[in-house]
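The analysis underlying the following values was restricted to heavy atoms, covering all of them including side chains, and did not include hydrogens, waters or symmetry mates. Small disclaimer: the values here were computed from a predicted structure and weren't measured.
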Amino acid sequence: MEHYTFVLEDQPYLGYFQYGNEKTPVSTTDRHGFRVTPGPGGLRATVGDDRPDGPVRVLAGSSAVFGVGATGDAATITARLWNAHAPRLPWLNIAGQSHNSAQELLLFTLFQHELPPVEDIVLLSGVNNLVLSRLPEEKQGRHGAFFDCGPAPDVVPPPDQRVAHATELTIRHLGAWKLLADGLGARLVFALQPLAPWVREEPLPREKLLFEELDEVSNFRRFHNDISTMAVGRAYADRLAAGCARLDVPFLDLNVALAEAAGPQDWLFIDRVHCTDLGYDLVARQLADRLDLV
């Protein structure tokens, strides 16, 4: 994790994004800042650089899709999909760290001209909107708050209000994704990103040690303890599922999927939002199996 510094480049319209042509011991980005997806036989798939000819699939989202916590590019969700669980087409990693749903949508639209034909778009999202729902109304604007737009407040809205606000934004922006996907002739699906306390009531001992250490230097527990319960996670998933049904977009709650697929000693999370290599591999497997990706 020491190599995931979260030092991002200021970007017009997006706010911030990964630096282009960056190479660290754990990650590689193309000329635009998108993470490289290594594939079988030494192939690579990127938005801005080299990729095999022909159609692709897209995995879109924020830092979990980027693969924060993975020990290398080959351990990201897109790499595990292309190399193991849904290998029929290359997978492009279209993710910006610390993005909300508006930024995720904008990122795709700004770089759509770089893409070949797209067969599938998997949007793995939802957590950041709920995290940002803690901010006051004056920071939300018309399209939702974003990270670093102001100091964290001491008082936050109640969980049901946070869930309702995050759902409205997520489904509103998903409607625009649907229009884009239909125009591209692509199949769109939505997967609710896993959050550790929504997957297991009690973390593994090693996960608990990590979470406690992180809580000493961050405000996650202070500001998000109210949404870090199984009940809130399921309520949020239910609302998102209903919104997806209205848009005719298939929905998958990866929290339930991971809980059912993981063994009792499987170490899934490096922090509450990001996974280990095993966790990302299980996410890729559940996406492939439960969304009929081959």
Side-chain angles (χ1 to χ4, degrees), residues 1-11 14-38 44 46-47 49 59 61-81 83 93-100 103-104 107 124-125 127-128 131-132 146-148 151-152 193-200 203-225 228 254 258 262 265-284:
M1 286 295 284
E2 68 181 351
H3 299 295
Y4 291 99
T5 61
F6 306 102
V7 176
L8 303 174
E9 181 180 33
D10 291 337
Q11 287 271 350
L14 293 173
Y16 33 76
F17 197 58
Q18 297 86 225
Y19 283 89
N21 296 319
E22 189 169 55
K23 177 69 175 177
T24 78
V26 295
S27 65
T28 312
T29 62
D30 69 8
R31 62 191 175 97
H32 295 312
F34 293 98
R35 192 162 189 173
V36 172
T37 301
R44 303 188 342 155
T46 70
V47 173
D49 295 334
L59 183 68
S62 186
S63 55
V65 172
F66 182 80
V68 169
T71 58
D73 296 326
T76 60
I77 301 170
T78 49
R80 297 309 301 147
L81 286 166
N83 288 276
N93 187 318
I94 299 187
Q97 296 177 65
S98 299
H99 277 186
N100 61 21
Q103 290 165 304
E104 291 166 352
L107 179 66
L124 196 162
S125 186
V127 166
N128 281 355
V131 167
L132 289 165
F146 54 90
F147 287 99
D148 298 326
Q193 179 184 342
L195 189 71
W198 295 349
V199 175
R200 289 175 170 141
L204 295 185
R206 67 181 71 186
E207 292 175 341
K208 187 175 182 179
L209 287 172
L210 285 168
F211 299 166
E212 289 175 348
E213 182 177 335
L214 290 168
D215 285 339
E216 294 178 2
V217 296
S218 75
N219 59 14
F220 191 96
R221 179 186 291 176
R222 179 184 174 198
F223 291 116
H224 307 301
N225 195 53
S228 298
L254 276 168
L258 279 184
Q265 298 305 314
D266 284 345
W267 179 17
L268 301 178
F269 289 93
I270 199 74
D271 59 32
R272 291 182 179 87
V273 180
H274 305 112
C275 291
T276 61
D277 289 0
L278 174 61
Y280 283 136
D281 181 72
L282 279 176
V283 166

Report yes or no: does [X] contribute a side-chain atom to a donor-acceptor pair with the main-chain N or O of [Y] at less than 3.5 Å?
X: R35; Y: G67; result: yes
X: N93; Y: V65; result: yes
X: Q265; Y: L204; result: no

[X] to [Y] - nearest heavy-atom pair and separation:
X: Y19; Y: L8; value: CE1-C, 3.6 Å
X: V26; Y: A70; value: CB-O, 4.0 Å
X: S98; Y: S62; value: N-OG, 3.2 Å
X: K208; Y: P203; value: CB-CG, 3.9 Å
X: V199; Y: P194; value: CG2-CB, 4.2 Å
X: V127; Y: L195; value: CG1-CD1, 4.2 Å

Hey, can you tell me if Y16 and H99 have their rings parallel, tilted or perpendicular (30° and 60° cut-offs)?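 Judged by the thresholds at 30° and 60°, the geometry between Y16 and H99 is tilted.
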My understanding is that only one of N83, T37, D73 makes a side-chain hydrogen bond (donor to acceptor under 3.5 Å, both in side chains) with T78; could you say which?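 The option that passes is T37.
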Working to the nearest 0.5 angstrom, can you tell me the gap between [X] [atom1] and [Y] [atom2]?
X: E207; Y: T276; atom1: CD; atom2: OG1; value: 7.5 Å
X: E104; Y: N128; atom1: CD; atom2: CG; value: 7.0 Å
X: Q11; Y: H32; atom1: CD; atom2: NE2; value: 10.0 Å
X: Q193; Y: H274; atom1: CD; atom2: NE2; value: 7.0 Å
X: L214; Y: L209; atom1: CG; atom2: CG; value: 11.0 Å
X: L254; Y: C275; atom1: CG; atom2: SG; value: 9.0 Å

Side-chain heavy-atom pair [X], [Y] within 4.5 angstrom cut-off:
X: Y280; Y: T76; value: no
X: F34; Y: I94; value: yes
X: I270; Y: Y4; value: no

Set out, in order, the CA-CA distance, both residues' side-chain angles and the distance that settles side-chain contact (heavy atoms from CB on, under 4.5 Å) for D271 and L210, then state yes or no. CA-CA 7 Å; D271 59 32; L210 285 168; over 6 Å; no
Tell me, yes or no, whether the heavy-atom count around E213 atom CD, taken from other residues, nucleotides or ligands under 6.0 Å, exceeds 12.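 Atom CD in E213 is not crowded, with 12 or fewer foreign heavy atoms closer than 6.0 Å.
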Pair R272, D215 - check side-chain contact (heavy atoms from CB on, under 4.5 Å), show working. CA-CA 10 Å; R272 291 182 179 87; D215 285 339; 2.8 Å; yes
Any chance the side chains of H3 and S27 put a donor and an acceptor closer than 3.5 Å?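 No - no donor-acceptor pair under 3.5 Å links their side chains.
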For the pair T29 and F66, evaluate side-chain contact (heavy atoms from CB on, under 4.5 Å) and give the outcome as yes or no after the intermediate values. CA-CA 10 Å; T29 62; F66 182 80; 4.3 Å; yes
Assess whether a salt bridge exists between D266 and R200, defined as any Lys/Arg side-chain N lying under 4.0 Å from an Asp/Glu carboxylate O.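 Not counted as a salt bridge, because no side-chain N and carboxylate O are separated by less than 4.0 Å.
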